[in-house]
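Everything numeric in this text was worked out from a predicted model, so none of it was measured. Residues take their numbers from the sequence shown, with the count starting at 1. Side chains are part of it too, since the values below use all heavy atoms of this structure and drop only hydrogens, waters and symmetry mates.
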Amino acid sequence: VNFNKNKLYVFYSKPTEIKNFIKLKKIKSIAGFHTRNVPHKAHEWIQRYGILKTKNLLIQPLIGQYRRGEYKENIIIKSNKLLVDKIYKNKAIFSVLSTFPRYGGPREALFHAIIRRNYGCTHFLVGRDHAGVKEFYSKFASQRICKKNEDKLGIKILIFNEPYLCTKCNKILNYNCNKCGSKYKTYISGTKIRNLIIKNKKIPKTFM
């Protein structure tokens, strides 16, 4: 385990180590953020929302079995760690979760919430299609089941509307833009960014 006074690095740490570190830093509330992607601007909105609600964040990418064509583990680690280094600094803990994606949607979202509770998180961020695959699960199903079982899970569930880019304002929002409405609404996804990379096209700064 490599701890730094200003930047909170944790690699492949056991739940007890993370919990002890949270206790050492006297952190009273912290939101867990689960991902299996490199971070884009919509992820950053969600992470900042977690910090706004709890003041602290555990960014914990899933490292394990991936489908062909997805990001390599070292890129996922480097890109997420960069946010901790350059942007969130002493507001975020960085770790990794060594397992594999099951694409289990709502049930897997429950599983991820329990894991973050065991890592010492007081809150857990659940997205629109958490642990989903394509359009197999209904929209916000993961949020609904986690929120419904919040007491049984033993961790507070943070839910939110899906962030999007207003291309006219160049801002990430999670509500209809008062000035532009929904006309300029563009959703950002890891798939969309991967397709740009595959086609050797430049990724807009408003995306990532």
Side-chain angles (χ1 to χ4, degrees), residues 1-4 7-25 27 30-40 42-44 46-47 50-51 54 56-127 129-134 136-137 142 145-146 149 153-158 189-191 193-194 197 208:
V1 182
N2 178 18
F3 291 140
N4 182 294
K7 300 166 186 176
L8 314 183
Y9 301 153
V10 186
F11 286 96
Y12 298 95
S13 297
K14 296 177 182 178
T16 50
E17 292 172 329
I18 300 286
K19 288 165 81 172
N20 287 340
F21 189 59
I22 289 170
K23 186 177 180 181
L24 178 69
K25 289 292 181 179
I27 294 171
I30 181 168
F33 178 79
H34 175 96
T35 184
R36 57 183 178 85
N37 264 313
V38 297
H40 51 64
H43 288 145
E44 287 187 45
I46 296 168
Q47 291 165 351
I51 291 172
T54 67
N56 301 282
L57 188 69
L58 171 65
I59 297 179
Q60 196 174 41
L62 183 152
I63 301 300
Q65 181 181 344
Y66 286 83
R67 294 180 298 178
R68 186 177 179 181
E70 292 190 344
Y71 299 105
K72 291 183 179 180
E73 292 181 358
N74 66 316
I75 300 301
I76 294 169
I77 290 172
K78 285 180 180 178
S79 57
N80 279 282
K81 185 172 171 291
L82 187 66
L83 284 176
V84 176
D85 287 358
K86 303 295 183 183
I87 298 177
Y88 304 136
K89 298 179 181 178
N90 62 349
K91 293 181 180 179
I93 296 174
F94 180 78
S95 177
V96 292
L97 180 65
S98 184
T99 182
F100 58 92
R102 294 158 176 84
Y103 308 104
R107 286 179 294 175
E108 190 170 356
L110 293 168
F111 175 55
H112 290 162
I114 292 168
I115 289 172
R116 281 9 181 264
R117 180 199 68 196
N118 292 342
Y119 270 89
C121 291
T122 56
H123 296 69
F124 184 58
L125 293 151
V126 180
D129 187 33
H130 190 104
V133 56
K134 296 184 178 180
F136 185 82
Y137 302 101
S142 292
I145 195 170
C146 286
N149 292 282
L153 291 169
I155 187 170
K156 295 289 183 182
I157 302 299
L158 296 176
S189 69
T191 301
I193 292 169
R194 277 198 304 272
I197 293 171
M208 177 179 267

(request) Check side chain to side chain contact (heavy atoms under 4.5 Å, CB included) between A31 and all other residues, then give those that pass, not counting sequence neighbours. (result) T54, L57, H123, L125, L158
(request) Indicate yes or no: at least one non-hydrogen side-chain atom of I193 is less than 4.5 angstrom from one of M208. (result) yes
(request) Give, for atom CD1 of I27 and atom CD1 of I22, the distance between the pair rounded to the nearest 0.5 Å. (result) 6.0 Å
(message) Taking the side chain as everything from C-beta on, heavy atoms only, tell me whether P101 gets closer than 4.5 Å to L62.
(response) yes
(message) Within this structure, what is the OG-CZ distance for the pair S95 and R116, rounded to the nearest 0.5 Å?
(response) 8.5 Å
(request) Run the ring-centre check on F124 versus H130 and record whether the distance is less than 6.0 Å. (result) yes
(message) Can you confirm whether I93 sits close enough to I30 that some side-chain heavy atom of one is under 4.5 Å from a side-chain heavy atom of the other?
(response) yes
(request) Working to the nearest 0.5 Å, report the span between NE2 of H112 and CZ of R117. (result) 14.0 Å
(message) Minimum heavy-atom separation for C121 and L58, please, with both atom names.
(response) SG-CD2, 3.7 Å
(request) Start with the C-alpha gap between I87 and Q47, add the side-chain angles, then the distance that decides, and say whether side chain to side chain contact (heavy atoms under 4.5 Å, CB included) holds. (result) CA-CA 11 Å; I87 298 177; Q47 291 165 351; over 6 Å; no
(request) First locate atom NZ of K134, then atom OG1 of T191, and finally report the distance between them rounded to the nearest 0.5 Å. (result) 10.0 Å
(request) State, with a plain yes or no, whether a side-chain heavy atom of C146 is found less than 4.5 Å away from one of L110. (result) yes
(request) Step by step, work out the side chain to side chain contact (heavy atoms under 4.5 Å, CB included) result for E17 and N20. (result) CA-CA 5 Å; E17 292 172 329; N20 287 340; 5.7 Å; no
(request) Check whether any side-chain heavy atom of F94 lies under 4.5 Å from a side-chain heavy atom of I77, and answer yes or no. (result) yes
(request) Return yes if some donor-acceptor pair links the side-chain N/O of Y137 with the main-chain N/O of Y103 below 3.5 Å, else return no. (result) yes
(message) For a quick test of reading the model, state the closest non-hydrogen atom pair linking G127 to S142 and the distance between them.
(response) O-CB, 4.4 Å
(message) Nearest 0.5 angstrom please: T35 OG1 to I59 CD1, how far?
(response) 9.5 Å
(message) For a quick test of reading the model, state the closest non-hydrogen atom pair linking I76 to P61 and the distance between them.
(response) CG2-CB, 3.7 Å
(message) Quick check for you: to the nearest 0.5 Å, what is the distance between Q60 atom CD and S98 atom OG?
(response) 10.5 Å
(message) Assess the residue pair L153 and I114 against the criterion (side chain to side chain contact (heavy atoms under 4.5 Å, CB included)); give the C-alpha distance rounded to whole Å, side-chain angles, the decisive distance to 0.1 Å, and a yes or no.
(response) CA-CA 6 Å; L153 291 169; I114 292 168; 3.7 Å; yes
(message) I'd like to check I75 versus V38 (side-chain heavy atoms, cut-off strictly below 4.5 Å). Are they in contact?
(response) yes
(message) I'd like to know if K89 and D85 make a salt bridge, using a cut-off of under 4.0 Å between side-chain N and carboxylate O.
(response) no
(request) Go through the steps to decide whether I197 and Y71 satisfy the test side chain to side chain contact (heavy atoms under 4.5 Å, CB included), and finish with yes or no. (result) CA-CA 11 Å; I197 293 171; Y71 299 105; 3.9 Å; yes
(request) In sequence, state the C-alpha distance, the side-chain angles, and the governing distance for E44 and H40, and then conclude on side-chain hydrogen bond (donor to acceptor under 3.5 Å, both in side chains). (result) CA-CA 6 Å; E44 287 187 45; H40 51 64; over 6 Å; no
(request) Please name the pair of heavy atoms, one in H43 and one in F33, separated by the smallest distance, quoted to 0.1 Å. (result) CD2-CZ, 3.9 Å
(message) Check whether F100 forms a cation-pi arrangement with R102 (NZ or CZ under 6.0 Å from the six-membered ring centre, at most 45° off the ring normal).
(response) yes
(request) Would you indicate whether the side-chain heavy atoms of R36 and I63 approach each other to under 4.5 Å? (result) no
